Amino acid sequence: MITSISCHAILLWCGSFLLFSSFFTPTINANETDRLALLAIKTQLQDQRGVTSSWNNSVKLCQWRGITCGRRHQRVTVLDLSYQSIRGRLSPYIGNLSFLRSIYLDGNSLYGEIPQEIGRLSRLQILVLANNSFSFNIPSNLSRCSKLTDFVADYNHLVGLIPPEFGYLLKLERLHILNNHLTGELPASIGNLSALQRIDLQENNLKGRIPDSLGRLRKLYYLSVHSNNYSGMVPPSIYNISSLESLSLSRNAFTGNIPLNIGFTLPNLKVFRNYDNNFTGPLPDSFSNALKLVEFDVAENSFIGKLSIDFSAFKNLSWLQVATNLLGTGEANDLEFLTSLTNCSKLELLAFYQNQFGGVLPSSIANLSTTLTFLVFTENQISGSIPPGIANLFRLDRIAMDVNQLSGTIPHGVSQLKKLQILYLNDNNLQGSIPTSLGNLTLLYHLDLGSNFLHGNIPSSLGNCQNLIMLSVSSNKFTGSVPQEILGITTLSTYLGLYDNLLSGPFPSEVGNLKNLVFLNVSKNNFSGKIPDSIGGCTSLESLSMKDNSFNGNIPFSMISLRSIKKLDLSSNNLSGQIPKFLENLSFLEYLNLSVNQFEGEVPTKGIFSNTTEFSITGNEKLCGGLDELHLPSCQSKGSKKLKITLLKVLIPVIGSCLIVSACFILVLTRKRKSGNLSQMEEQYPRVSYAELSKATNEFSSSNMIGRGSYGTVYKGILREMGMLVAVKVQSYAKRGLD
Ligand SMILES: *[C@@H]1O[C@H](CO)[C@@H](O)[C@H](O)[C@H]1NC(C)=O
Ligand SMILES: *[C@@H]1O[C@H](CO)[C@@H](O)[C@H](O)[C@H]1NC(C)=O
Ligand SMILES: *[C@@H]1O[C@H](CO)[C@@H](O)[C@H](O)[C@H]1NC(C)=O
Ligand SMILES: *[C@@H]1O[C@H](CO)[C@@H](O)[C@H](O)[C@H]1NC(C)=O
Ligand SMILES: *[C@@H]1O[C@H](CO)[C@@H](O)[C@H](O)[C@H]1NC(C)=O
Ligand SMILES: *[C@@H]1O[C@H](CO)[C@@H](O)[C@H](O)[C@H]1NC(C)=O
Ligand SMILES: *[C@@H]1O[C@H](CO)[C@@H](O)[C@H](O)[C@H]1NC(C)=O
Ligand SMILES: *[C@@H]1O[C@H](CO)[C@@H](O)[C@H](O)[C@H]1NC(C)=O
Ligand SMILES: *[C@@H]1O[C@H](CO)[C@@H](O)[C@H](O)[C@H]1NC(C)=O
Ligand SMILES: *[C@@H]1O[C@H](CO)[C@@H](O)[C@H](O)[C@H]1NC(C)=O
Ligand SMILES: *[C@@H]1O[C@H](CO)[C@@H](O)[C@H](O)[C@H]1NC(C)=O
Ligand SMILES: *[C@@H]1O[C@H](CO)[C@@H](O)[C@H](O)[C@H]1NC(C)=O
């Protein structure tokens with residue numbers, strides 16, 4: 001028995017020796033296989049920087065750039081060509097580099113397939129292909145790389161399914177395929193990969209449910225399916241992965257409630273990013289236990305009810321975003337949670353806009369961390385005044401409290417927030433005047449104070465805010481004139497709203513400085529005087545409303561320069577003169593309102609004037625012509641045929657008038673009034689004074705003479721008051737026997 005065992009052992013030993021040597025024989029040339037494989041890979045690459053130029057016969061394989069060899073066997077173990085601007089395809093020869101443990105090809109322009117031959121690399125642990133242009137499916141053969149710990153293929157154009165065979169990669173720790181075009185469901189087999197620590201699938205087209213099996217991954221600390229097409233409930237098992245530090249479910253269509261005990265089952269959570277889903281129900285109070293939270297974002301869901309998470313022990317919270325939900329009860333203590341936030345010394349962003357929070361803004365916001373840069377609670381029902389202590393939060397660059405019920409005055413302290421870039425206080429019940437010191441906020445680029453009850457002058461100091469691109473003070477009770485300083489803010493571009501106030505005086509000609517301004521609305525004020533000629537300087541204007549003021553005079557010719565104008569509203573003023581023809585040529589114009597003014601003369605017919613739904617001229621008594629649909633009297637100055645008819649029409653009354661005029665003279669001269677005849681004639685024909693006739697015919701100048709005969713001389717002329725072309729016959733006194 002003993003001999004036979006030893007004999008077996010000897011045979012076994014011999015066998016392995018033979019096996020060993022037969023295995024060893026080719027390894028003498030094995031590095032030759034590596035060399036040939038790399039040279040084959042090189043032929044497929046366009047390598048502008050010449051990284052692979054050392055891959056040649058005069059350099060030893062293990063000294064080639066980007067190559068690391070094993071010390072003992074001199075075989076290639078690492079291929080590292082990260083961020084080398086290399087273009088081309090990855091050759092299947094890579095599958096011959098059988099000692100490879102790590103492949104780093106990220107940050108190049110590699111395209112085509114990921115070669116399935118990589119599946120032959122049984123020693124491979126790390127495969128990094130991120131930031132390339134690989135397309136097609138992920139080869140299922142990769143699942144044969146049983147030692148793989150890191151699969152990183154972010155930012156490529158991979159399509160199709162995540163191979164279910166990945167369930168065999170039992171050593172896998174990192175599965176990163178973010179930003180590709182993957183479809184289908186995440187295979188349940190992934191739940192077998194008990195070593196998994198990070199799964200990043202964000203920005204793909206994955207759909208269906210997250211597999212329940214993921215709940216088995218006890219080492220998982222990072223899971224992101226952000227921005228996919230997931231729907232339905234998140235399996236409860238996910239909320240049971242107590243190792244989770246970062247959970248991103250955002251931008252999907254998940255439904256259902258969040259388990260009430262989440263703060264106890266996920267005590268290690270640092271990032272809870274859950275915005276833009278269809279979650280319902282309350283935000284569980286148990287979050288108060290997730291003390292490590294840094295980012296908490298549940299915006300754009302349908303969470304409802306009082307927000308009663310106690311944040312006071314969150315030492316690291318920096319981002320709190322609960323906007324666009326149904327949170328809050330509208331009751332007085334709705335904002336208690338703000339007081340608990342005063343202990344969060346790293347808070348940077350606080351956003352709870354578009355909810356149902358009521359109550360007053362607690363004065364404790366003065367004690368929020370000075371690290372805060374972003375404070376936004378637009379569209380709630382918050383009342384009370386703005387606590388002056390807000391001035392402490394000197395790093396704030398954005399404050400948006402608009403569309404609430406805030407009252408009281410704008411605290412002067414706001415002017416101490418030197419870093420402020422955006423200040424929205426519009427649509428509240430604020431009173432008092434604008435603090436002059438607001439002009440100290442020189443970094444401001446959006447300032448909206450509209451729709452409040454603010455009064456007084458608009459302070460000229462606002463002209464110091466030389467970065468403003470949007471300024472609105474509309475719908476308040478501001479009085480006085482518009483300070484020219486404001487019109488010197490040449491950065492103003494998106495919006496200047498002054499409408500619906502009690503502003504008066506002429507509109508300053510400095511408006512012409514605003515070359516970048518797109519939207520200007522000064523309507524519903526008491527502005528008077530002429531529209532400044534300089535308005536033509538606002539060459540970027542797309543929308544200009546000056547309606548409901550007392551502007552007078554003509555539409556300035558300079559407006560011909562408003563090449564981008566789409567909407568122009570000059571209605572309800574005292575503007576007069578002709579409607580300028582150039583309006584026909586403003587090719588982007590799609591809305592023109594000139595109604596309720598004193599325009600006169602002919603209405604143009606081209607451009608904007610060719611479509612009656614796009615312009616309005618009603619309430620101007622002295623207009624004529626235009627499209628037939630307007631039913632305006634025709635203008636006599638049009639066309640030669642019309643002229644003749646008009647001549648005939650007019651000649652008779654005019655001759656008549658001449659007779660009247662002459663008759664008047666006679667009557668006046670002879671002082672023999674025959675009133676009966678005269679009044680009869682008055683009813684039939686318009687009365688025209690001699691002065692008017694003289695003016696119409698350019699003082700009976702010879703250039704206006706159109707005929708002369710024994711009856712006398714005929715002049716053409718234009719009666720401006722009536723807009724009539726007339727012929728005036730002057731009879732010789734002698735013939736009429738005036739002697
Ligand atoms: C081989 O590579 C080395 C190092 O980059 C270079 O100096 C040499 O010119 C190359 N030889 C050939 C034949 O390309
Ligand atoms: C291959 O390895 C042998 C010994 O390990 C070495 O002498 C030879 O130079 C290597 N060949 C290349 C191309 O590096
Ligand atoms: C290497 O890989 C290529 C392509 O996959 C194959 O054709 C070749 O036979 C392999 N073996 C050697 C020793 O080059
Ligand atoms: C891919 O895997 C299949 C079996 O899973 C095998 O038949 C095939 O040869 C593999 N392809 C390569 C290139 O290794
Ligand atoms: C890919 O590029 C992005 C930026 O485009 C960068 O943030 C990321 O770290 C890169 N990933 C890898 C693995 O190189
Ligand atoms: C892997 O996961 C699938 C689906 O969850 C399961 O059916 C299979 O038995 C698992 N395989 C192993 C080896 O655990
Ligand atoms: C969560 O974990 C606990 C214990 O670790 C277990 O009893 C419970 O069944 C798990 N729940 C789910 C939904 O997996
Ligand atoms: C808030 O901070 C203060 C001072 O650091 C500390 O005494 C207090 O216990 C904290 N509150 C909570 C609930 O952690
Ligand atoms: C701010 O905190 C200090 C110190 O904790 C406290 O005395 C003060 O009352 C707080 N102020 C407000 C407005 O809550
Ligand atoms: C702030 O503005 C006011 C009024 O415009 C001015 O008197 C004051 O000096 C300014 N303060 C600072 C610190 O700039
Ligand atoms: C300008 O303001 C008035 C209110 O006075 C408003 O009705 C009108 O729509 C505004 N014009 C434009 C173009 O927004
Ligand atoms: C007139 O303008 C309206 C609205 O812009 C448009 O719907 C309609 O088609 C236009 N009609 C003509 C005849 O161009």
Side-chain angles (χ1 to χ4, degrees), residues 31 34-36 38-43 45-69 76 79-81 84-86 188 190-194 196 209-221 223 232-244 247 249 254-269 281 284 286 289-290 542-543 565-569 583-595 603-618 626-630:
N31 53 9
D34 287 3
R35 199 178 66 87
L36 291 174
L38 286 168
L39 289 175
I41 290 169
K42 180 181 171 176
T43 62
L45 305 178
Q46 291 114 55
D47 169 20
Q48 295 159 334
R49 292 197 200 162
V51 182
T52 58
S53 64
S54 63
W55 296 14
N56 67 41
N57 292 334
S58 49
V59 179
K60 277 194 171 179
L61 170 69
C62 295
Q63 279 151 22
W64 290 4
R65 260 183 85 184
I67 304 301
T68 306
C69 289
V76 175
L79 172 62
D80 182 352
L81 296 173
Q84 298 294 351
S85 307
I86 294 172
I190 299 297
N192 293 345
L193 308 181
S194 55
L196 262 183
R209 307 282 161 104
I210 295 181
D212 187 52
S213 60
L214 291 197
R216 302 206 298 261
L217 303 175
R218 305 320 297 180
K219 291 186 177 158
L220 195 68
Y221 67 86
L223 173 60
M233 310 264 285
V234 175
S237 64
I238 301 297
Y239 300 110
N240 223 5
I241 309 173
S242 58
S243 52
L244 266 185
L247 177 59
L249 304 170
F254 289 117
T255 55
N257 293 6
I258 297 204
L260 293 178
N261 62 351
I262 184 169
F264 298 108
T265 58
L266 299 179
N268 294 307
L269 218 48
S286 72
N289 194 53
E542 289 178 17
S543 175
I565 197 89
K566 290 181 185 160
K567 289 188 177 177
L568 178 59
D569 193 342
L583 293 175
E584 286 179 334
N585 300 331
L586 296 175
S587 50
F588 294 105
L589 200 57
E590 58 193 28
Y591 176 85
L592 174 66
N593 197 342
L594 302 176
S595 52
V603 177
T605 53
K606 299 206 189 76
I608 183 86
F609 297 101
S610 63
N611 186 339
T612 50
T613 60
E614 296 186 328
F615 74 100
S616 172
I617 47 148
T618 54
L627 296 181
D628 292 341
E629 295 100 294
L630 296 174

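This one's a predicted model, so the numbers in the text were calculated from it and none came from an experiment. By convention here, the first residue in the shown sequence is residue 1. One-based numbering, in listed order, for ligands and for the atoms of each. Computed from heavy atoms alone, side chains included, the values below leave out hydrogens, waters and symmetry copies.
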Any N/O pair Asn240/ligand 7 closer than 3.5 Å: yes
Check Glu542 with Lys566, please: is the shortest side-chain N to carboxylate O separation under 4.0 Å? yes
Report, in ascending order of atom number, the atoms of ligand 12 lying under 4.0 Å from any heavy atom of Asn611. 1 (C), 2 (O), 3 (C), 8 (C), 10 (C), 11 (N), 12 (C), 14 (O)
Before you tell me yes or no, could you show the steps for Leu586 and Ile608 under side-chain contact (heavy atoms from CB on, under 4.5 Å), namely the whole-Å CA-CA distance, both residues' side-chain angles and the distance that decides it to 0.1 Å? CA-CA 8 Å; Leu586 296 175; Ile608 183 86; over 6 Å; no
Using a 3.5 Å cut-off on N/O to N/O, what pairs does ligand 1 make with the protein? A line per pair would be great.
unit_1, atom_1, unit_2, atom_2, d
ligand 1, 2 (O), Ser53, O, 3.4
ligand 1, 2 (O), Asn56, ND2, 2.4
ligand 1, 11 (N), Asn56, ND2, 2.7
ligand 1, 14 (O), Asn56, ND2, 3.2

I need the atoms of ligand 7 closer than 4.0 Å to a non-hydrogen atom of Ser237, numbered in the order shown. 13 (C), 14 (O)
Could you point out which residue of Arg49, Gln46, Gln48 forms a side-chain hydrogen bond (donor to acceptor under 3.5 Å, both in side chains) with Ser85? Arg49
Sub-4.0 Å atoms of ligand 12 with respect to non-hydrogen atoms of Thr613: 1 (C), 2 (O), 3 (C), 4 (C)
Identified side-chain contact (heavy atoms from CB on, under 4.5 Å) counterpart of Tyr591 within the set Ile565, Asp569, Thr613, Leu568: Asp569
Quick check: closest heavy atoms across Ser242 and Pro267, and the distance to 0.1 Å? O-CD, 4.2 Å
When you look at CG of Asn56, are more than 12 heavy atoms from neighbouring residues, nucleotides or ligands closer to it than 6.0 Å? yes
Any idea which heavy atoms bring Leu217 and Gly191 closest together, and the distance? CD2-O, 3.6 Å
